[in-house]
Every structure is written in structure tokens, then in C-alpha cells.
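The block underneath contains the structure these notes are about, expressed in C-alpha cells.
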There are 2 protein chains.
Amino acid sequence: MKVAKYSRVQPRFQVIKDAITQAIRERKYLPDDQIPTEYELAEKFKVSRMTANRAVRELVGEGLLVRHQGLGTFVAPIQVESPLLEIRNIADEIRERHNVYSNERYKLEKIRSNKKLADLLGIAVGEPVFYSLMVHKENGRPLQFAERYVNASLVPEYHRQDFSERTPSEYLSELFPLSEVEHVVEAVLPSQQEQELLDISADTPCLLVNRRTWSKNKLISYARLVHPGDRYRLGSRSKV
Amino acid sequence: MKVAKYSRVQPRFQVIKDAITQAIRERKYLPDDQIPTEYELAEKFKVSRMTANRAVRELVGEGLLVRHQGLGTFVAPIQVESPLLEIRNIADEIRERHNVYSNERYKLEKIRSNKKLADLLGIAVGEPVFYSLMVHKENGRPLQFAERYVNASLVPEYHRQDFSERTPSEYLSELFPLSEVEHVVEAVLPSQQEQELLDISADTPCLLVNRRTWSKNKLISYARLVHPGDRYRLGSRSKV
DNA sequence: CAGTGGTCTAGACCACAGA
DNA sequence: CTGTGGTCTAGACCACTGG
């Protein structure tokens, strides 16, 4: 029986990419370790060198590997970067970096808005608001302290959700197609609580992203996202 | 006289990428327009289809094109505009707030690139680079500590400029029409020098914006912009 | 069906780094 | 000199789309 030569579930270069990615995630290859050469990969995976080359080249483009002509290919030293603008939630971001996402929920409750909150959410003082506090982790290490305030009259079921699998931002974006987003980025020092939950010292500068999201001109939520400055950066690159 | 087959200044796939990119920028191809097929590109540029394929595939990865199997390749609908792009000229920004812009120049000299700088600017170690250090002020108050490294071989007259009226970024953008910008934002604590020149304390968190600019695929400059976190924020708001 | 992109091969030449 | 990555080719088969 002949097996069709080019019908596969996974392209061969993708198989190689996945294998390398997994090996790095399992720490079989550590940062700065050299990985097999293109010739070795080609032999191991029974592909041509061009196919191995594509796998490695794409992983370089994704920031997972670095190459030096004449020397070899190496696991990239750890670096974290995220495109601004794209409101992609932190979970996707971490998974795209080929790392393990997890989170912990500390609070999920209904409160009444004070003046400041009412202004931010465009509602009246005293209106009900859901408040959630979560910490999102990359490979078990806290990366984002996320407080979120949600207009309770628009999202009455928010507090009934279990956000262990689906993040608040995923839940909200399913319910309300995003139409507008606002970001304000600041540098701040962490509060006592932020220090503890992010496992950082009082003098670690943090990137604070204030994000407000709208759906069809309705202001849905305000999020206050605090990230340790020593392991989180925002990046963007664009043609003009 | 025989011409070496594989010694080129530009790889062939890069030539194709540049040609397509430029055609889009010049609006010879409009959003959603179909561009030539791989076979046509291969013929036009006298390369194999694999080489044309790589050029197109990478442009898809960069978001400039979209492909549909069986249909063709098309210019991406809308260029996502980065909000961080609006971190433009600090002088304009200050004047738009109807405040008084001023600056102070502390250094303007020619240096030789070390390893790190060479990587950032995409040049060889030891290549000449211009270094400038300025502080930009709003109503006399320091707002931005700006170190800039400029590829001296591309901008040989940089060090002869007087940047009191025209900022380095204004000068460069006149000389080199901007084609690509990269921003990486971090939260950091200020160095001794930054504390002094920005007139802030050691525990004031700062927003560090690393900006690299390209013109026609030439990496022109790298700027390191430090802002006091207590009086500077980055903001953006965009429809999606 | 023809035309498109998606993938793959086997081999080649070039450039760079280190011994 | 060897071994590495960087690039390129000519041709091939597969899968999807539309007529």
C-alpha cells in the first residue's frame, strides 16, 4: 500500500518546530544551549536540509532561537516582549512564546462604584460593579497582576464564571465583540499586595497598563494590569 | 569574467520583498489588491519559485500580505497602526499641550560600537557611531532623557548639527523618510546620571522607551528614552 | 478542469568562525 | 581545513478554489 507522499496532518517543518519547542519548554535545552545543526535535524527527522532550515528559521523569527553563522543555533536567552495595541490576552501571549500559562484567582466579588471608578466606567456612583483580582503566570512565575472592574449591569453573569480555563478577557471578548480599546502605560512601584502576589521587592519598577474596552460604544470594563519591570516589556514594530 | 553565483549584497528573496513593500507603500498596490503569483514573481525576478515563495511567505508573516490557497495573494486590508507610533517627537508633543519646549545638549560625539551597540544597529563591532545625549524639557522641567546612537556611515553629518532648534529625530526624519519603527517599553529605575539630569530621586520608576528606526530597510538609529514615571505616560485609543 | 498556494527534495555554492 | 549557517535551484506532488 502506497502512502501519499504529501498528505500529512502536520507539515514536516512544523513537526520539527514542535519538537524543538517542546524540548525547550521541558528544559531539555536551556537558554544559550546549542541545538542540533540543520544537517543533524534533517537526518533525525528524515527530511531535507531545506525543511530543517525552515523549521529553525521560523523559530528564530519567533524569538525562540538565535543563530550565528559559522557557530551554530542556540536557545535564545530569556526575553519577554508583547505587542501593544493587540489586546490579546496574557494567556495567548504566553502560549505564543511556547511557555506554560497558569493563573490564580484571589477575588471575584460585587462592589459598588466609588467616584473614581464611576468616572472610569462612565456610570453613576453607587452602581454595582464586579471586581476580580487574578495573577497570571508564565511557567509558574507571576507575570501579571490583573484587577478588573466590569459594568455589572452589562455583564450580570460575570461573577458566576470560573476563570481558571478561560480568562476574564476571553470571556468578555466572546460576549462583547471588541470595538474600541484604550491603553495608558505608566511606570510605578508596586503596592504591598502587588509585591506579594508578584513575588517582587518593593523597589522593582513595574509597568502598569490601564486598559479600558468598549463594545458598540458601551464601556465594558476597566483593567489595571501590573507587570514586573524586570521580566516584562511591551513592544511594537510596524511599517509606516 | 565569471560572476560568483551566490555572492550578493542582497539576497534575492529580500530584493523581491523590498520591491513588493515599496510598491505597496507607493500605493501601486492598494489594500485587497491581488499581487502577482509566485510563478509570475519567479519569472519576473529570474528566481526559482521557492525563492519567490519565501519572499511572499515572510511578507505574510509581517502582516503586509494575506494569502488564500487556490485564490491568490493580496495586500492586507488595513495596516494596523501602532498607538506607540504616536510616541513621536517629544517637542511636538509638548507644544501640542501648549507648553514651552526647550532642551539641553550634554554630549555629541563619535564613538566606536561595542558588541551590544553593533547588534542593536546591525553593524560590525568597531564601526563608527554618533552618540548624542540630550534632555528635553517641558516648561523648563526635564521630561525626557534621550540617548541616541546613529549609524555614522549613513549619517556622516550628524555630529555637525546644532540640535537646539531641531531635535535629532526631526533632523533624521527629514534626511531619511521613516519606513519602519520598533518600540520596546520597559519600567526601570533611573541611573545616577538619569536621576541628576531628570531631577528625580533614585526610587522614581521610569518609563524607558527603546526606539529603533529604519528607512528603506536601513537601520538608521537607536534611541534610549527615559521618562520620569510620575509625570509621563504613554496613551493610545483605537477602534478595532 | 486550470490556476493558485503549500510543501518538500537533493544537491549546490557561498560566507563565516574556529582549530 | 572543517563545520556551521545562508541562500538558491529545478522539479515535484498535494490541496484548495473557481469556472
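Proteins get letters first, then strands, A, B, ... in listed order; numbering begins at 1 in each. A quick note: this is a predicted structure, and the numbers were derived from the prediction, not measured.
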Tabulate atom names and distances for all N/O pairs under 3.5 angstrom spanning the protein and nucleotides 17-19 of chain C.
none

Charged tip of B:Arg54 within 45° of B:Phe13 ring normal and under 6.0 Å: yes

Check whether A:Phe163 forms a cation-pi arrangement with A:Arg105 (NZ or CZ under 6.0 Å from the six-membered ring centre, at most 45° off the ring normal). no

Nucleotide [N], atom [atom2] - distance to [atom1] of [X] in whole Å:
X       : N      : atom1 : atom2 : value
A:Lys17 : C:dG6  : NZ    : C1'   : 14 Å
B:Asn53 : D:dA10 : CG    : C1'   : 14 Å
B:Arg54 : C:dT9  : CZ    : P     : 17 Å
B:Leu59 : C:dG5  : CG    : C1'   : 15 Å
B:Gln10 : D:dC8  : CD    : C1'   : 16 Å
B:Glu58 : D:dC8  : CD    : P     : 10 Å

Where along residues 36-51 of chain B does a heavy atom come under 4.0 Å from DNA chain C, residue by residue in number order? B:Thr37, B:Glu38, B:Arg49, B:Met50

Has the side chain of B:Asn114 got a donor or acceptor atom that lies under 3.5 Å from a matching backbone atom of B:Lys116? yes

B:Ser173 side chain to B:Ser169 main-chain N or O, any donor-acceptor pair under 3.5 Å? yes

Below the 4.0 Å mark, does D:dG6 have OP1 or OP2 next to a side-chain nitrogen or oxygen of A:Arg57? no

Using only side-chain N and O atoms of A:Arg67, determine if any of them is under 4.0 Å from OP1 or OP2 of D:dG6. yes

Please check if the number of heavy atoms outside A:Glu43 that lie under 6.0 Å from its CD is greater than 12. no

Determine whether the side chains of A:Glu138 and A:Tyr101 contain a donor N or O and an acceptor N or O closer than 3.5 Å. no

May I ask you to decide whether A:Glu93 forms a salt bridge with A:Arg97, counting only side-chain N to carboxylate O separations under 4.0 Å? yes

Pair listing, salt bridge (charged side-chain N to carboxylate O under 4.0 Å, His left out) test, anchored in residues 61-70 of chain A, at least two apart: A:Lys17-A:Glu62, A:Glu38-A:Arg67

For the student: nearest non-hydrogen atoms of B:Leu121 and B:Ile220, plus distance: CD2-O, 4.4 Å

